[in-house]
Amino acid sequence: MSSFLQVFCAIFSGTLLALSIANEIYTFGFPLLALFSLIPLYLALHHAKTYSRAFLISALQALITHMLSSYWLGNFYGFALFTLGASAAGTAGWHGLFGFLYFWMFSKLDSRKSSALAVRAGRLDFAIPCKILLFSSLYTIWEWCKSNGFLGYPWGTVSMAAYRWRLITQIADITGSYGVTFLFAFFSALFAEGLLLLEALPHAITPFRLQAAWKQTAKAFAALSVAALCYGTVEYVRPRKPLKMMNAILVQQNHDPWGIGDRQAITVSENLTDAGLAEFEADGKTPDVAVWSEGVLSRHFPAASAYYTTHPEDKPLISYIKEKRIPFVIGGTYTFNKKKHQNANAAILFDKNGKTAGFYAKLHLVPFAERIPGVEYEWVRNIILKLAGFSYGLTQGYKSVLFEIPLNQEALYDAEKTEIVSLTQPKPQKKTTALVSTPICFDDAFSTVCRKLFLAGSEVFINLTNDSWSQTNSAELQHFIVSSYRAIEFRTTLARATNSGYTTVVSPTGKPLQSLKLFESASLAAEIPIYERKMTVYARFGDWLPKTLAVLAFLLLVHTELKERESERPVATDRSRLLGIWFTVTADMSVWDF
């Protein structure tokens with residue numbers, strides 16, 4: 001394969017993967033396309049001749065995927081240079097480094113670099129399953145690495161493209177989303193290796209051994225796929241009865257508070273909340289909580305509490321909450337330390353009397369936009385001031401926080417005939433409650449963040465998001481798809497109160513139960529089912545799959561090295577024996593000549 005074709009394959013692979021992820025053409029993605037998206041990448045890496053070429057191929061594939069699927073990052077206010085440019089460069093460079101591993105793998109297992117006699121005899125048939133498994137493992141490890149840490153960006157992944165195949169995605173409660181990635185990468189590698197095998201068979205002395213190796217690997221893939229489908233089917237159709245229901249008003253104001261200020265945002269949100277209240281009342285139900293999206297309140301709490309007793313002037317926020325007599329969760333800003341400019345992106349809980357009861361500070365901040373390294377230095381602040389209009393970023397939260405929301409539902413036990421002896425709650429409750437966690441925007445894209453909240457006791461995730469700046473449907477839906485895996489991983493309900501979409505309630509199988517249309521002002525009178533908390537495999541062990549694959553990939557490479565040396569020894573022995581026989585025969589013939 002020429003250099004031009006290798007570059008073309010890298011671009012083609014990135015384009016296929018980007019098209020398979022939710023976009024303006026395929027609203028919720030195209031999983032069938034994703035199955036084949038890594039085949040060109042595999043073929044290009046197979047034909048790479050140098051480490052630098054492998055780096056270029058891998059980097060280019062990741063760059064194309066990122067730019068075509070996450071182009072909307074360029075709309076992020078004054079941060080386009082960082083959010084789109086820096087993330088694209090980082091993603092490409094990171095995958096380029098994995099290109100070195102790909103090349104090392106292929107150089108160890110590529111038949112072109114091995115003994116031609118051994119290959120034609122079919123003695124290197126073990127290389128076929130090794131190459132397929134190593135590629136699948138390394139690509140899964142790559143997506144895990146790019147999706148975690150300070151620079152983590154869990155978009156542009158193969159698992160996102162699989163959203164519509166819910167029978168497959170159900171394995172996420174065991175493997176996380178990385179199990180889905182592994183299966184898709186496995187298929188691409190298997191298919192690509194099959195194409196290479198068709199090219200090699202006419203030149204093989206014992207082609208049946210090569211065919212048998214590929215067929216055995218195909219059978220292993222089929223077994224994994226069938227097991228995943230069977231498990232997914234059982235989990236998807238399993239009847240789940242909620243323990244309790246939470247009636248929540250999820251407000252989608254469709255106004256960017258960064259652009260219009262919070263006066264209009266609050267007024268619109270109040271009107272939409274009234275509409276949600278009216279909808280519940282018409283059904284004879286009482287709401288338990290109202291949730292407004294991220295960043296609605298621009299003033300910094302706790303100092304802003306006094307301000308909102310008089311603002312907005314026509315209907316002050318605190319007075320409005322008192323009037324409605326229900327708790328509110330509203331996105332705003334909370335100050336840790338005013339002198340040090342330490343402010344957090346927060347979800348603020350107001351009780352039914354309008355008092356600030358507590359807050360949750362966002363645990364995973366957007367790098368270089370919310371969290372700015374070096375902000376303690378004046379020259380860094382000056383650069384940020386010129387680029388974005390302010391000089392300080394936000395401060396990361398440091399603990400998991402749960403909100404206990406009283407529910408207008410009778411407790412499942414008889415409160416009059418039950419005595420509860422508790423050091424923290426001495427009186428029996430006549431009403432039941434729900435422990436709610438409120439991951440903010442970027443938070444729900446990270447399974448590590450939601451795992452902390454779940455292990456802390458969260459019964460339901462309610463995400464607050466402002467993605468209105470993206471101005472694209474694909475951005476809203478991609479964020480939803482990434483977050484939907486959290487519902488499956490922990491088998492818990494996920495609700496999303498967003499600024500412009502996708503406002504929805506997601507079941508523990510990842511299926512939307514109630515939703516609002518994108519980019520419209522509306523409220524969702526949502527009945528959120530809350531199920532019994534169960535410790536899934538993923539909740540208990542976290543990202544065990546990519547970590548295990550990393551260990552197995554290393555061991556497999558070691559095994560391959562040893563196997564390669566073993567395959568060379570018989571050749572050397574045969575040559576020695578042939579030389580010995582030749583010398584013996586020659587010596588004997590010389591004696592006979594005399």
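Every heavy atom of this structure was used, including side-chain atoms; hydrogens, water molecules and symmetry mates were not. This one's a predicted model, so the numbers in the text were calculated from it and none came from an experiment.
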Determine whether a donor-acceptor pair (N or O, by modelled atom type, separation under 3.5 Å) exists between the side chain of [X] and the backbone of [Y].
X      : Y      : answer
Asp262 : Ala265 : no
His66  : Ala62  : no
Asn499 : Asp467 : no
Ser70  : Met67  : no
Glu294 : Asn466 : yes
Ser20  : Pro31  : no
Asn353 : Lys355 : no
Thr395 : Ala344 : no
Thr504 : Val506 : no

Option from Thr286, Thr432, Asp288 for which side-chain hydrogen bond (donor to acceptor under 3.5 Å, both in side chains) with Asn408 holds: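 Option passing the side-chain hydrogen bond (donor to acceptor under 3.5 Å, both in side chains) with Asn408: Asp288.
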Measure the acute angle between the ring planes of His364 and Phe442, then classify it against the limits of 30° and 60° as parallel, tilted or perpendicular. perpendicular
Crowding at [atom1], [X] (>12 non-hydrogen neighbours, <6.0 Å):
X      : atom1 : value
Trp94  : CH2   : no
Arg299 : CZ    : no
Lys324 : NZ    : yes
Tyr531 : OH    : yes
Lys315 : NZ    : yes

Starting at NE2 of His255, measure out to OG1 of Thr267 and round the result to the nearest 0.5 Å. 10.0 Å
Derivation and outcome, side-chain hydrogen bond (donor to acceptor under 3.5 Å, both in side chains), residues Thr536 and Asp173: CA-CA 6 Å; Thr536 63; Asp173 70 343; over 6 Å; no
Arg540 to Tyr538, cation-pi by 6.0 Å centre distance and 45° axis angle: no
Ring-face cation of Arg533 near Phe454 (centre distance under 6.0 Å, axis angle within 45°):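 Verdict for Phe454: a cation-pi partner in Arg533.
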Step through it carefully: locate the ring centre of Phe350, locate the ring centre of Tyr308, and say whether they are under 6.0 Å apart. no
Candidate pair Trp155 and His479, rule ring-ring contact (aromatic ring centres under 6.0 Å, His included), full reasoning: CA-CA 8 Å; Trp155 275 256; His479 191 167; 5.5 Å; yes
If I compare all heavy atoms of [X] with all of [Y], which pair ends up nearest, and what's the gap?
X      : Y      : value
Lys362 : Cys441 : NZ-CB, 3.9 Å
Ile481 : Met160 : CG2-O, 3.5 Å
Gly510 : Ile488 : N-CG1, 3.7 Å
Gly331 : Leu464 : N-CD2, 3.6 Å

Please test Tyr178 against Trp544 for ring-ring contact (aromatic ring centres under 6.0 Å, His included), starting from the C-alpha separation and ending with a verdict. CA-CA 10 Å; Tyr178 306 108; Trp544 64 270; over 10 Å; no
Using the rule given for side-chain contact (heavy atoms from CB on, under 4.5 Å), can you reason through Thr448 versus Asp543, listing the C-alpha separation, both sets of side-chain angles and the distance that settles it, and then say yes or no? CA-CA 8 Å; Thr448 51; Asp543 295 332; 4.2 Å; yes
Glu476 and Lys517: CA distance, side-chain angles, deciding distance, salt bridge (charged side-chain N to carboxylate O under 4.0 Å, His left out) verdict: CA-CA 11 Å; Glu476 315 292 324; Lys517 294 181 180 179; over 6 Å; no
Using a strict 4.0 Å threshold on nitrogen-to-oxygen distance, state whether [X] and [Y] make a salt bridge.
X      : Y      : value
Arg491 : Glu532 : no
Arg263 : Glu313 : yes
Arg486 : Glu489 : yes

Apply the test side-chain contact (heavy atoms from CB on, under 4.5 Å) to residues Glu527 and Asn247: give CA-CA distance (whole Å), side-chain angles for both, the deciding distance (0.1 Å), then the verdict. CA-CA 5 Å; Glu527 297 181 68; Asn247 296 330; 3.6 Å; yes
